[in-house]
Amino acid sequence: MSLNSKDYFNQFYLKNPESSYSKSLYHFFENDVRPRLSKKELNILDLGAGNYSLFENIKNLSANISAIDFSTVANSSTPVSKIKYLEIDLLDPTFFNQKKFDLIFDSHCLNCLTEESQRTLAFKNIYEALSAEGLFASEQMIQPENSQVSMPFKMIKSARELEEEILSYGLKIIYFTISQSSKFVNEVDGIEVQCDLVKIIAKKEL
Ligand SMILES: C[S@@+](CC[C@H](N)C(=O)[O-])C[C@H]1O[C@@H](n2cnc3c(N)ncnc32)[C@H](O)[C@@H]1O
């Protein structure tokens, strides 16, 4: 079984059913993303959210929120949630061709796409589903400044490579900040890797 596959993540969530959220992502949304959203009633899409979207913790937001994951864990989210959890593959265009979103939010899901062909499909889907003024916001692991790290079944690009990739899909970067040397534990083998973290906001080049 490939260790970034749907089957792998199904088993991972069976073994790790507890849900948690990252404070750094919460602050990213509240301080940097939310002030840039101007519509009163928002359509939001959370990518690779597992069974617990960050947006469970965001208060006073008038929004329709869909949280997708290709793992079946998306079907076992809390039934009282206002968030619509859906079992959907980021690489499948069907869903992305149907609806437009004012915000598409990624927290480390794109790091799971290790083939360039997969990343092309994902970015095409994201572009297609963004509304004209919509924002793509993402937090991803990137290579540290002075060394090269690798993690099995994760794509860890350099800041420059990631910037070029995003621009190549017709997106304009309006926010790009790097925080240095965060420790990440790989879900697959438990090995700790020290890499940098980037937070990005981009919109369609009109
Ligand atoms: C590293 S986890 C991040 C989970 C959560 N967003 C967070 O920040 O804690 C990556 C998530 O992306 C999901 N995922 C990976 N590839 C996917 C794909 N092609 N389509 C949809 N979800 C995917 C996995 O099932 C997993 O829940």
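Every number for a ligand or one of its atoms is a count from 1 in the order of the listing. We number each residue from 1, following the sequence as shown.
Within a 6.0 Å radius of CD in Glu87, other residues, nucleotides and ligands contribute more than 12 heavy atoms. Remark: Lys6 NZ is packed, more than 12 non-hydrogen atoms of other residues, nucleotides or ligands lying under 6.0 Å away. Within a 6.0 Å radius of NZ in Lys100, more than 12 heavy atoms belonging to other residues, nucleotides or ligands are found.
A ring-centre distance under 6.0 Å is not found for Phe153 and Tyr8.
For ligand 1, one of its N or O atoms has an N or O atom of Asp89 under 3.5 Å away. Polar contact with ligand 1: absent for Ser71 (N/O pair, distance under 3.5 Å). At least one N/O-N/O distance between Asp69 and ligand 1 falls below 3.5 Å.
Of the candidates Ser5, Ser53, Gly48, it is Gly48 that places a heavy atom closest to atom 4 (C) of ligand 1. Of the candidates Ala67, Ala122, Cys112, Ser107, it is Ser107 that places a heavy atom closest to atom 3 (C) of ligand 1.
At a heavy-atom cutoff of 4.0 Å, ligand 1 is contacted by the backbone of Ile88 but not by its side chain. Contacts between Phe70 and ligand 1 below 4.0 angstrom, taking non-hydrogen atoms only, involve backbone and side chain alike. At a heavy-atom cutoff of 4.0 Å, ligand 1 is contacted by no atom of Met141, backbone or side chain.
Of all the atoms in ligand 1, the ones that sit under 4.0 Å from a non-hydrogen atom of Lys154 are 1 (C). With ligand atoms numbered from 1 in the order given, ligand 1 contributes 24 (C), 25 (O), 26 (C) to contacts under 4.0 Å with heavy atoms of Phe9.
The shortest heavy-atom contact between Leu171 and Ala202 is CB-CB, 4.1 Å.
Counting heavy atoms from C-beta outward, Leu61 and Ile44 have side chains that approach closer than 4.5 Å. Put simply, the side chain of Leu25 reaches to within 4.5 Å of the side chain of Glu139, judged on heavy atoms.
Within the structure, the closest approach of Tyr13 to ligand 1 falls below 4.0 Å when heavy atoms are considered.
No salt bridge links Glu115 with Arg119; every basic N to acidic carboxylate O contact stays at or beyond 4.0 Å.
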